[in-house]
Structures are given as C-alpha cells and as structure tokens.
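Some notes on the structure that comes next.
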Amino acid sequence: VYFDEDIDETSAIRELVTQHKLLSLTSSQELVTDGLATLAVFFNEGKVAILINETSAKAEEKSFFGEILALAEVLH
C-alpha cells in the first residue's frame with residue numbers, strides 16, 4: 001500500500017496495513033522514521049536511497065533480502 005506524503009488518515013490506514021500484513025511504501029522519509037510506513041524510496045543528493053523501518057516491517061510480517069538491506073538505511 002502506497003502512503004502519499006499528504007495523506008491525512010495515516011494512523012487508520014497503518015492499522016489496516018498491519019492487520020492485513022500488507023507492505024507499506026512511500027517516498028517520504030518522515031513517514032518511515034515515524035513508523036507509519038515500512039519502506040521509503042526517494043532521491044538523496046541525486047541518488048536513489050532506500051529507508052526501511054525494521055519495527056514496522058516486523059508488524060507487517062515482512063522481511064527483506066540481504067541485497068536490499070545492504071543498499072538501505074535500516075531503522076531499528
């Protein structure tokens with residue numbers, strides 16, 4: 001489920017995503033840092049960056065291959 005940066009009902013949607021074990025994606029670092037989404041893909045200084053919230057991933061029962069984790073910044 002994609003979380004837009006401008007979404008208003010993040011808490012309600014987060015609850016549904018967790019309940020149904022859906023992966024939450026966004027382009028917002030803030031939503032991942034706050035634990036409202038699991039995976040963010042965004043541009044940082046002209047390069048693609050990946051941010052993963054491990055706590056959120058566990059709640060969604062999601063895991064990532066080592067190759068993705070090696071490229072990503074992982075928040076614990």
Side-chain angles (χ1 to χ4, degrees):
V1 174
Y2 183 80
F3 278 61
D4 186 81
E5 294 178 43
D6 298 323
I7 197 165
D8 291 327
E9 299 296 326
T10 53
S11 296
I13 295 171
R14 177 76 203 142
E15 186 177 324
L16 287 171
V17 167
T18 302
Q19 181 181 19
H20 294 284
K21 308 302 181 203
L22 302 171
L23 177 62
S24 53
L25 309 166
T26 185
S27 60
S28 169
Q29 296 175 33
E30 184 178 338
L31 289 176
V32 173
T33 301
D34 292 345
L36 296 171
T38 295
L39 177 78
V41 179
F42 54 94
F43 284 101
N44 184 16
E45 297 179 8
K47 296 181 182 179
V48 175
I50 302 168
L51 182 62
I52 297 173
N53 185 309
E54 186 177 39
T55 303
S56 178
K58 286 180 182 178
E60 295 172 359
E61 296 183 8
K62 302 297 179 218
S63 60
F64 298 93
F65 289 105
E67 293 86 355
I68 296 293
L69 295 173
L71 297 171
E73 177 184 350
V74 180
L75 304 175
H76 301 279

* To do: Would you sort out whether S27 and Y2 count as a side chain to side chain contact (heavy atoms under 4.5 Å, CB included), showing the intermediate values?
  => CA-CA 9 Å; S27 60; Y2 183 80; 3.0 Å; yes
* Mind checking what makes salt bridge (charged side-chain N to carboxylate O under 4.0 Å, His left out) contact with K47, not counting sequence neighbours? -> none
* Other than V17, which residues form its hydrophobic cluster under the rule that side-chain heavy atoms must be closer than 4.5 Å? -> V1, F3, I7, I13, L22, L31, L36
* Pairs involving residues 16-42, ordered by first then second residue, that meet salt bridge (Lys or Arg N to Asp or Glu O under 4.0 Å) (sequence neighbours left out) -> K21-E61
* Structure fact -> Those residues at least two apart in sequence (or on a different chain) that pass side-chain contact (heavy atoms from CB on, under 4.5 Å) with F65 are E67
* Report whether L23 and I68 are members of the same hydrophobic cluster (ILVMFWY, side-chain heavy atoms less than 4.5 Å apart, transitive linking). => yes
Residues 50-58 side chain polar contacts: donor-acceptor under 3.5 Å, at least two apart:
from, atom 1, to, atom 2, distance (Å)
N53, OD1, T55, N, 3.0
N53, OD1, S56, N, 2.9
N53, ND2, V32, O, 2.8
E54, OE1, H76, ND1, 2.4
S56, OG, R14, NH1, 3.4
S56, OG, R14, NH2, 2.8
S56, OG, T38, OG1, 2.5

* **Spacing of D6 atom CG and S28 atom OG [to the nearest 0.5 Å]** => 9.5 Å
* Decide whether L69 and L25 are clustered together by the hydrophobic rule: side chain heavy atoms of Ile, Leu, Val, Met, Phe, Trp, Tyr closer than 4.5 Å, transitively. => yes
